[in-house]
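Treat the numbers as computed from the prediction; the structure is a model and nothing was measured. Below, chain A is the first sequence line, B the second, and so on; all start at residue 1.
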Amino acid sequence: MKEKDLRRSLSVLPIGTVMKLTSLTARQIRYYEEQGLVSPERNEGNRRMYSLNDIDEILEIKDYLSEGMNISKIKKVYEQRKQDELNNKDTHKNLSDEEARKILSDELLNVGGLNYKDVKGNNSF
DNA sequence: GTTCTCACA
DNA sequence: TGTGAGAA
């Protein structure tokens, strides 16, 4: 059903609503946008208008953040996720939601693994 | 009243 | 990230 998909992609929520829905401050929400994590539309008054998809996006970001991830990490994962979606369309055509989530968490672990750094027993100096 | 941008502690 | 100023 594309209609629902379309509706949930309609940006009609002002930042105030997003604040309540996500329990975040306007500052944070705007900051996430600055980092390219969300892409709200702008109305004629230059006001940010978020879609339900954006809410979901922000909610996830918030979740990852509380799991100890940095904005930079999440940023990377999200950018990669978008590219993966493109790849999936080209190769598998369609993927189950379950599989998509697996891939996402896989990427999450991947980026999270970068946290360990590669300084095991060999120092650079 | 709400949101925007920019700047600073 | 928080907060305040000044404008829309």
Would you mind reading off the distance between [X] atom [atom1] and [N] atom [atom2], rounded to a whole angstrom?
X     : N     : atom1 : atom2 : result
A:R42 : B:dT2 : CZ    : P     : 19 Å
A:K20 : B:dT2 : NZ    : C1'   : 10 Å
A:E44 : C:dA8 : CD    : C1'   : 14 Å
A:R30 : B:dC4 : CZ    : C1'   : 6 Å
A:I15 : C:dA8 : CD1   : P     : 20 Å
A:N43 : C:dA8 : CG    : P     : 16 Å
A:M19 : C:dG2 : CE    : P     : 10 Å
A:N46 : C:dG6 : CG    : P     : 20 Å

Would a distance-only check, ignoring hydrogens and angles, find a side-chain to backbone donor-acceptor pair under 3.5 Å from A:K62 to A:T22?
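Confirmed, A:K62 side chain pairs with A:T22 backbone.
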Do side-chain atoms of A:D54 reach the backbone of A:S51 as a donor and acceptor pair under 3.5 angstrom?
yes
With a 3.5 Å cut-off and no angle check, do the side chains of A:N46 and A:R42 form a donor-acceptor pair?
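Note: A:N46 and A:R42 side chains meet the donor-acceptor criterion.
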Please evaluate the base of C:dT3 for a donor-acceptor partner in the side chain of A:R27 within a cut-off of under 3.5 Å?
yes
Looking only at N and O atoms, is any donor in the side chain of A:R47 or the base of B:dT2 less than 3.5 Å from an acceptor on the other one?
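When only heavy-atom distances are counted, A:R47 does reach the base of B:dT2 through a donor-acceptor pair under 3.5 Å.
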Short side-chain N/O contact to C:dG2 OP1/OP2 from A:T25, under 4.0 Å
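It does, given that an N or O in the side chain of A:T25 lies less than 4.0 Å from OP1 or OP2 of C:dG2.
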Less than 4.0 angstrom between a side-chain N/O of A:Y31 and OP1 or OP2 of B:dT5, yes or no?
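Answer is no, no contact under 4.0 Å.
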Hey, does A:G16 reach any base, or is it just sugar-phosphate, or nothing, if we go heavy atoms under 4.0 Å?
sugar-phosphate
Would you compute the distance between atom CD1 of A:I58 and atom CG of A:L21 and round it to the nearest 0.5 angstrom?
9.5 Å
